[in-house]
2 protein chains.
Amino acid sequence: MHGNEADVERYRPMNVRTLCLGILWFEEATGYEIRKQASEGCFSHFVEASYGSIYPALNKLTDENLVTWRTETQEGKPSRKVYSLTEKGRAALIEALHETPKPDVIKSEFLFVGLFAEHLDKTFMTSVIDTRIAELEADLARLREEMATVDHSGSRFAIGYGMALYEAELNYIKNTRGLIEAGADPRQAAE
Amino acid sequence: MHGNEADVERYRPMNVRTLCLGILWFEEATGYEIRKQASEGCFSHFVEASYGSIYPALNKLTDENLVTWRTETQEGKPSRKVYSLTEKGRAALIEALHETPKPDVIKSEFLFVGLFAEHLDKTFMTSVIDTRIAELEADLARLREEMATVDHSGSRFAIGYGMALYEAELNYIKNTRGLIEAGADPRQAAE
DNA sequence: GTTCACATGTAACAGGTTACATGATTGG
DNA sequence: CCAATCATGTAACCTGTTACATGTGAAC
């Protein structure tokens, strides 16, 4: 009864496949909901995924018997495919988690722009900085809300982690923006 | 004298092309040195690039007259192609910087593992956490060193930014590790 | 009637990485 | 002679995004 299960892939942690397994660990969900959690929910500040990768991933996971699905017909909404983890899927996630996590990666276009601040005009830099501050404050507010609704300790750790980072960024930017906002003459920055 | 320059690409900020332009802004460099700066130097905590993308990028930038190169023969080392920005390249970078920077992205496998801490054994989590702490401390030390050698205000901003983040992460992990280290029974975490 | 949220999916493309191929020169 | 560092490059692959295609039913 095993057939072509032999070619189950090696699990590199933290691709969309593993993300799907992770989200499904907590509760069954549709592809649509998985995307929503990845880009709005408690995972959203440190992962990312779009439909174009999630749906194919779910199909593949189905082929490998790591997830199953049933059709759920709803009143007032289109019917949907609700996925849930199988025993094998659960085991696969745990296995994936045992790979040593790669170091965190921060990608920041904001910092890159900041490097060349002295060659951009002050008005522009001010607006870039203000935008970044607004974004950070919005993110922080969202996390604060989520923190209030979540009970699970791992999730609280992750949310708190995000909050700590965002707060640090915010404080740093507010206190140090002079360094990149001083306009064409950086020697005035200390003033 | 313009010929096929018409098909100069739109600049989406923060791909390897733009990264090369950015590094070359400060000083001329070889592909080898650009990679080094991207993975070790002052850029390294918020960008990434490998040979396989840098060399082709430099060739393309040459085709578009955004950079030029000369061969430098060295004694005791293989000769090398030293790239530098052209006027046009300088202008292209400034243009690219005017695109509104996309929000920072944090990718953290560590946090993902933390979410499932209660299903992993305590020894493993302890080692994951200790590893992460060691990494952060090493990164911090590296940034502190760099901060001491750098004078340029934009660079100091970027380095300080990294330090602020790493310090916040470090403190958070040290203070809160109990949440994900408590072992199989998360209800004991508060103890 | 049209816009919105729900819902699933694909194909073309972009943008990288990895591993390989090659080679000079130094130092142990 | 072997390993390490410097140095350049390519080809195969991987992974994910964007944009498109399609459709339901609610609410305005």
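Throughout, a chain's letter reflects where its sequence line sits, starting with A, and its residues are numbered from 1.
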Trainee: By nearest atom, which of the nucleotides D:dG16, D:dT17, C:dA5 is closest to the A:Asn15 side chain?
Mentor: D:dG16
Trainee: What is the distance, to the nearest angstrom, from the CD atom on A:Glu33 to the C1' atom on C:dG9?
Mentor: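 Taking CD of A:Glu33 and C1' of C:dG9, I get 17 Å after rounding.
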Trainee: Taking the minimum atom-to-atom distance to the side chain of A:Tyr83, which one of C:dG9, C:dT8, D:dC6 wins?
Mentor: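 Between C:dG9, C:dT8, D:dC6, the one nearest the side chain of A:Tyr83 would be C:dG9.
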Trainee: Examine distances only and state if a side-chain atom of A:Lys88 and a backbone atom of A:Glu64 form a donor-acceptor pair shorter than 3.5 Å.
Mentor: yes
Trainee: Between protein and nucleotides 20-28 of chain D, map the contacts as a letter string: B base, S sugar-phosphate only, - none, heavy atoms under 4.0 Å, written 5' to 3'.
Mentor: ---BBSS--
Trainee: Can you measure B:Ile34 atom CD1 to D:dC6 atom P for me and round it to whole angstrom units?
Mentor: 16 Å
Trainee: Could you list the donor-acceptor pairs under 3.5 angstrom formed by side chains in residues 125-141 of chain B, with sequence neighbours left out?
Mentor:
residue: B:Thr126; atom: OG1; partner: B:Lys122; partner atom: O; Å: 3.0
residue: B:Thr126; atom: OG1; partner: B:Glu181; partner atom: OE2; Å: 2.8
residue: B:Asp130; atom: OD1; partner: B:Arg177; partner atom: NH1; Å: 3.2
residue: B:Asp130; atom: OD1; partner: B:Arg177; partner atom: NH2; Å: 3.1
residue: B:Thr131; atom: OG1; partner: B:Ser127; partner atom: O; Å: 2.7
residue: B:Arg132; atom: NH1; partner: B:Glu135; partner atom: OE1; Å: 2.8
residue: B:Arg132; atom: NH2; partner: A:Asp104; partner atom: OD2; Å: 3.3
residue: B:Arg132; atom: NH2; partner: B:Glu169; partner atom: OE1; Å: 2.9
residue: B:Glu137; atom: OE2; partner: B:Lys174; partner atom: NZ; Å: 3.2

Trainee: Among the nucleotides D:dG16, C:dG9, D:dG9, which one has an atom lying closest to any side-chain atom of A:Lys81?
Mentor: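 The listed nucleotide nearest to A:Lys81's side chain is C:dG9.
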Trainee: Taking for each residue the nucleotide of DNA chain C bearing the nearest heavy atom, is the 5' side occupied by B:Ser53 or by A:Gly52?
Mentor: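 Its nearest nucleotide lies further toward 5', so the answer is A:Gly52.
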Trainee: If only atom types and distance count, is the side chain of A:His98 paired as donor or acceptor with the main-chain N or O of B:Leu120 below 3.5 Å?
Mentor: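 Not at all, since once roles are kept as given, no pair shorter than 3.5 Å links the two residues.
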Trainee: Between D:dT8, C:dT10, D:dC6, which one does the side chain of A:Asn59 approach most closely?
Mentor: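 Of the candidates, C:dT10 comes closest.
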Trainee: Assign each of A:Ser50 and B:Val82 to its nearest nucleotide of DNA chain D by heavy atoms, then name whichever residue's nucleotide is nearer the 5' end.
Mentor: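 Looking at DNA chain D, the more 5' nearest nucleotide goes with B:Val82.
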Trainee: For D:dA7, does OP1 or OP2 lie under 4.0 Å from any side-chain N or O of B:Lys36?
Mentor: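 It does not, given that no N or O in the side chain of B:Lys36 lies less than 4.0 Å from OP1 or OP2 of D:dA7.
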Trainee: Could you please name the option among D:dT17, C:dC6, D:dT5 that lies closest to any side-chain atom of A:Glu48?
Mentor: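 The closest nucleotide is D:dT17.
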Trainee: More than 12 heavy atoms of other residues, nucleotides or ligands under 6.0 Å from CD of B:Glu27: yes or no?
Mentor: no
Trainee: Taking all heavy atoms of A:Ser153 and all of B:Leu179, pick out the closest pair and write down the distance.
Mentor: OG-O, 3.4 Å
Trainee: Of the listed nucleotides (D:dT10, C:dG16, C:dT10), which one gets closest to any side-chain atom of B:Tyr55?
Mentor: D:dT10
Trainee: Verify, without hydrogens or angle tests, whether B:Arg156 (side chain) and B:Met147 (backbone) share a donor-acceptor contact under 3.5 angstrom.
Mentor: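 It does hold such a pair.
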Trainee: Check the distance between D:dT17's P and A:Leu19's CG and give it to me in whole angstrom.
Mentor: 10 Å
Trainee: What is the distance, rounded to the nearest whole Å, between atom OH of A:Tyr51 and atom C1' of C:dT8?
Mentor: 9 Å
Trainee: Is there a side-chain contact between A:Leu93 and A:Trp25 (heavy atoms, below 4.5 Å)?
Mentor: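 Yes, side chains in contact.
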